[in-house]
Asker: 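Okay, here's the structure, questions in a sec.
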Amino acid sequence: MKNVLITGLGVISAAGRDLDETLNSFAYEKRNAGRVSLFETALNYPVFEVREIPEEFTLKGQRTLSLALCAVYEALGEADLEAGLTKYRVGVCMGTTVASQLNDLEFYKSYRRDGSAPMTAVDRYLKGNLAQCISRKIGAQGPSLTVVNACSSGTDAIGAALSWLKNGLCDIAVAGGADELSRIPYCGFGSLGIVSPDLCAPFDRDRKGLNLGEGAGVLVMETANSARQRGKTSDLYLGGYGSGCDAYHLTSPSPDGTGLKASIHKALTDSGVAPQQVSFVNAHGTATIENDIVEGKVLKYMFGADLKMLSTKGFTGHALGAAGGMEAVFTALCLRKGWIPASAGFKNMDEAISIAPVKEKTAVNGCYAVSTSLAFGGNNAALVFRRDEKI
Amino acid sequence: MNILGMGIIFTGGRGIDCFEDSLKSGWRKPSEVSGPTDKKYSVYRVDPETLTDRAILKKMRRSDKLSRMAVLAAADAIESSGIKNINKERIGIIVASAFGAHATTFKFLDDILDFGEANVSPTVFSNSVHNAACSYISSALDIHGPTLTVTQFYFSFQYALQLAQAWINEERCDYVLAGAVDQCGAVLEYVYNCKLIQAHDGRIKPFHFEPTFQVPGEGAAFFLVSKRDSRNVFCAVENIRFGKDPDGHMPADLNIIDTDGLLPDESVYIPSLSPDIPAAAYSPLFGSMMIGSAFNCAAGALTLKNQTCYANPVAENPRGIHLLNDTGHSNVELIRCIRYNCHGEKAAIYLKKYKEPAS
């Protein structure tokens, strides 16, 4: 396969406003969760909010876009592309959930009550398509696509961008995911009975469900030829992407993990990597009963019981369309740093899963890592990352 | 890449034959409905009776109209290809939309407002998630390949088709069901009518260009695409271009344009038309939709397969454009399907007559 370099990483979440803050939270097991402050609600589930978006990226009424821009510019900075993109063929592929829906409660209340409503929310929505907005902001002139694959959106967006690069549709791709914490999914996930009243505990025997979060994670990906022409090198590569559908149920994963197995298998094959070469897996690990059982069993089946694995959702909550983007960044970053953080919240192994995530900061030595995502609708996606030891 | 099969749900009914009948018979008046303040307006809605296929929809009793339209169109696309025992592990799905499950999202907001946050319906929430339609397609048709839902106000179908081509080139799958679906709920109709000029006589006038007139529409159009052949190949997708179009000078036999009143000024299309090439626009048959490109693309594919041109359903032509005015046999090799967005950027899908490979 053609080599695709990762020349930039950017992230914002409850764990930190950038890569450094995030690593600090990971290293010292800081879990910045609390009550919802972004909207009024009668519900009382803890969430992982981003406490402060740097002012230069803050756009009024467009929190998802603000989060995305924060991560995009950090990634562009690392890729030495801050000065402008107009001379390159750059694609933008972003995953989201909340930013794709006209779900403004005040607008709808007014429409229901009066048969009319101000168009402010509509205008914001129509002008707010995530990938298109980012393309315009950064001056990207290549393909632009907003992926709405529920909780695997960010991973699938990176996978779609990888296809663009491999097919010569662009030379550089800005890809990942972004989502804000919103009242609508907060109520929706509550109704499904899968939200924990306590801090989430992925893969733990006594887990009670997920916590919602928000944020953005973005990769700058680039063909080897483009990087060479710019004089840019990187120690990180995106090796492969796989996706498979359970075709089972709208909200529950297939109990035998059909789609997840297929997606991991495809991502490994794409990369030319054997399971035993993978040094760790950053699992989707939402901390719901069903997700963790299915995912844990599949990971054990595919990688063996000695696999080093973790879920970073104990630090960020489940950021839905952003999750795959953020976790791609975390995976790449951990591969580069040579350690993974404790899987926050995990204490006791669940015998029904029979594989345990790491309990403490752990050294990882290999060159390959995997990030997985499972989503509503039975979507499953996996990415394989490679670190080049020579650089 | 070839278009091996197509499935269409639109205001005129379900299926390619129905769509072709509509292309042949021309414009039909839309239905008239009352808005939130009892003001009347025109709309091209899909009759719910069209969506009652028990065999296909048996697993999705709780699904919404958007998902049903998508599933039936996707099922018909496979069926129309005539391929028996297609390997469903090797089919991918890409669903393009502009507004997704917005009608169900508003139903969920009704739940919050009427019953409180703690008493909302999990079923309604699940169906409001953007990729629900794609999920229903995979489970109803037992497809296990990669699945993706994309949303954009412009070019979502074109980008879906381009990604389908990339997946096939990479051998990520052998076939892709690439399609577009949108529903026209009451709130969206209200928004359309607030922001754009309604066609009070019910006629979208695609060659009026400015001012423009819209009639909201809804439906689904799906295409089974592959590098492979089938006995029913409709046409080949020769190219998909965005922005700068190096193929723009190619001597196409027909330009199909997506003018439908969703841009207040559509005169941006005029320079891409030629006095030497006839132009057609079929939006008056299915309504104004951000994903209307998929339906025009289907009309182009039928033109190439049947070697039959279909006259413009509404041919008011104040600018003297060279229009396609007659329905009948014609030798058509290449069709350019053109869409512009509100920033003056272009997407063009080039459809080419399928030629069987020399044995």
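Chain identifiers are assigned alphabetically (A, B, ...) following the order of the sequence lines, protein sequences preceding nucleic acid strands; residue numbering begins at 1 within each chain.
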Asker: Assess whether a salt bridge exists between A:Lys109 and B:Asp110, defined as any Lys/Arg side-chain N lying under 4.0 Å from an Asp/Glu carboxylate O.
Answerer: no
Asker: Between B:Gln152 and A:Ser144, is there a donor-acceptor pair closer than 3.5 Å when you use the side chain of the first and the backbone of the second?
Answerer: yes
Asker: Quick check for you: to the nearest 0.5 Å, what is the distance between B:His144 atom NE2 and A:Ser243 atom OG?
Answerer: 13.0 Å
Asker: Who wins among A:Ala117, A:Gly259, A:Gly242 for the most heavy-atom pairs under 4.5 Å with chain B?
Answerer: A:Ala117
Asker: A side-chain contact here means heavy atoms from C-beta on lying under 4.5 Å apart; do A:Leu126 and B:Lys195 qualify?
Answerer: yes
Asker: Measuring from A:Ser163:OG to B:Gln165:CD, what's the distance to the nearest 0.5 Å?
Answerer: 12.0 Å
Asker: Above 12 or not: heavy atoms from other molecules or residues under 6.0 Å from CD of A:Glu40?
Answerer: no
Asker: Give the minimum heavy-atom separation between A:Tyr248 and B:Ser139, together with the two atoms involved.
Answerer: N-CB, 4.2 Å
Asker: Determine, using ring centers only, whether A:Tyr125 and B:Phe153 are less than 6.0 Å apart.
Answerer: yes
Asker: Counting heavy-atom pairs under 4.5 Å with chain B, which one of A:Leu250, A:Val147, A:Thr41, A:Asp246 comes out on top?
Answerer: A:Leu250
Asker: What part of A:Asp104 gets closer than 4.5 Å to chain B, counting heavy atoms only: side chain, backbone, both or neither?
Answerer: backbone
Asker: Chain B heavy atoms under 4.5 Å from A:Asp114: which part of the residue, side chain, backbone, both or neither?
Answerer: backbone
Asker: Examine whether an atom of A:Leu130 lies under 4.5 Å from a heavy atom of chain B, and if so say whether it belongs to the side chain, the backbone or both; otherwise answer neither.
Answerer: neither
Asker: As an exercise: rank A:Thr251, A:Asn380, A:Asn379 by heavy-atom pairs under 4.5 Å with chain B and give me the winner.
Answerer: A:Asn379
Asker: Considering residues at least two apart in sequence or located in another chain, which fulfil the side-chain contact (heavy atoms from CB on, under 4.5 Å) criterion with B:Ala180?
Answerer: B:Ala96, B:Phe157, B:Ile291, B:Ala294
Asker: When rounded to the nearest 0.5 angstrom, what is the spacing between SG in A:Cys245 and CD1 in B:Ile143?
Answerer: 9.0 Å
Asker: Under 4.5 Å, counting heavy-atom pairs only, tell me which of A:Arg183, A:Arg112, A:His249, A:Lys266 racks up the most with chain B.
Answerer: A:Arg112
Asker: Select, from B:Ala166, B:Gly92, B:Ala160, the one with the greatest count of heavy-atom pairs under 4.5 Å involving chain A.
Answerer: B:Ala166
Asker: Can you find a heavy atom in the side chain of A:Leu102 that is under 4.5 Å from one in the side chain of B:Phe106?
Answerer: yes
Asker: Measure the shortest side-chain to side-chain distance between A:Gln132 and B:Asn341 over non-hydrogen atoms and say whether it is less than 4.5 angstrom.
Answerer: no
Asker: Quick check against the 3.5 Å criterion: does A:Gln101 have a side-chain atom that pairs as donor or acceptor with the backbone of B:Ser128?
Answerer: yes
Asker: Could you tell me which portion of B:Ser121 (side chain, backbone, both or neither) has an atom closer than 4.5 angstrom to a non-hydrogen atom of chain A?
Answerer: backbone
Asker: Any donor and acceptor pair, going by atom type alone, linking the side chain of B:Glu117 with main-chain N or O of A:Ala42 inside 3.5 Å?
Answerer: yes
Asker: I'd like to know which of A:Ala131, A:Ala375, A:Pro185, A:Ala381 tops the heavy-atom pair count under 4.5 Å against chain B.
Answerer: A:Pro185
Asker: Could you tell me whether B:Lys88 atom NZ has more than 12 heavy atoms of other residues or ligands within 6.0 Å of it?
Answerer: yes
Asker: With heavy-atom distances below 4.5 Å as the criterion, would you say the side chains of A:Pro143 and B:Gln162 are in contact?
Answerer: yes
Asker: So how far is it from B:Phe108 CZ to A:Ser191 OG, rounded to the nearest 0.5 Å?
Answerer: 5.0 Å
Asker: Quick one: OH on A:Tyr186 to CD1 on B:Ile112, what's the gap to the nearest 0.5 Å?
Answerer: 12.0 Å
Asker: Nearest 0.5 Å, please: how far is OG1 in B:Thr149 from CG in A:Asn149?
Answerer: 5.0 Å
Asker: Specify the closest pair of heavy atoms between A:Ile184 and B:Phe125, including all atoms of both residues, with the distance to one decimal.
Answerer: O-CE1, 4.1 Å
Asker: Is A:Val148 close to chain B through its backbone or its side chain, or both, or neither, when contacts mean heavy atoms under 4.5 Å?
Answerer: both
Asker: Would you please name every residue forming a side-chain contact (heavy atoms from CB on, under 4.5 Å) with A:Pro118, sequence neighbours left out?
Answerer: A:Ser110, A:Thr120
Asker: side-chain contact (heavy atoms from CB on, under 4.5 Å), that's the test. Do B:Phe155 and A:Leu145 meet it? Break it down for me.
Answerer: CA-CA 9 Å; B:Phe155 306 157; A:Leu145 194 62; over 6 Å; no
Asker: Taking C-beta and beyond as the side chain, do A:Thr146 and B:His130 meet within less than 4.5 Å on heavy atoms?
Answerer: no
Asker: Report, one line per pair, each donor and acceptor closer than 3.5 Å where one atom sits in a side chain of residues 131-138 of chain B; sequence neighbours left out.
Answerer:
| from | atom 1 | to | atom 2 | distance (Å) |
| --- | --- | --- | --- | --- |
| B:Asn131 | ND2 | A:Phe376 | O | 3.0 |
| B:Ser135 | OG | A:Gly377 | O | 3.1 |
| B:Tyr136 | OH | B:Asn127 | OD1 | 2.9 |
| B:Ser138 | OG | B:Ser135 | O | 2.7 |

Asker: Which region of A:Ser116, side chain (C-beta onward) or backbone (N, CA, C, O), has a non-hydrogen atom less than 4.5 Å from a non-hydrogen atom of chain B, or is it both or neither?
Answerer: both
Asker: Determine the option with the most heavy-atom pairs under 4.5 angstrom with chain A, choosing from B:Leu109, B:Asn119, B:Asp111, B:Leu141.
Answerer: B:Leu109
Asker: Any sub-3.5 Å donor-acceptor pair from A:Asn103's side-chain atoms to B:Thr105's backbone N or O?
Answerer: no
Asker: Do the non-hydrogen side-chain atoms of A:Leu169 and B:Leu163 ever get within less than 4.5 Å of each other?
Answerer: no
Asker: Give a yes or no answer on whether the side chain of B:Asp142 reaches the backbone of A:Ala247 with a donor-acceptor pair at less than 3.5 Å.
Answerer: no
Asker: Let me know if B:Glu345 has heavy atoms under 4.5 Å from chain A in its side chain, its backbone, both or neither.
Answerer: side chain
Asker: Ion pair present between B:Glu171 and A:Lys166, side-chain N to carboxylate O less than 4.0 angstrom?
Answerer: no
Asker: Do A:Asp270 and B:Arg172 have side chains that approach each other closer than 4.5 Å (heavy atoms only, starting at C-beta)?
Answerer: yes
Asker: So do A:Thr97 and B:Val129 actually touch side chain to side chain, heavy atoms under 4.5 Å?
Answerer: no
Asker: Quick one: which residues of residues 181-192 of chain B reach chain A at under 4.5 angstrom, heavy atoms only?
Answerer: B:Ala186, B:Val187, B:Tyr190, B:Val191
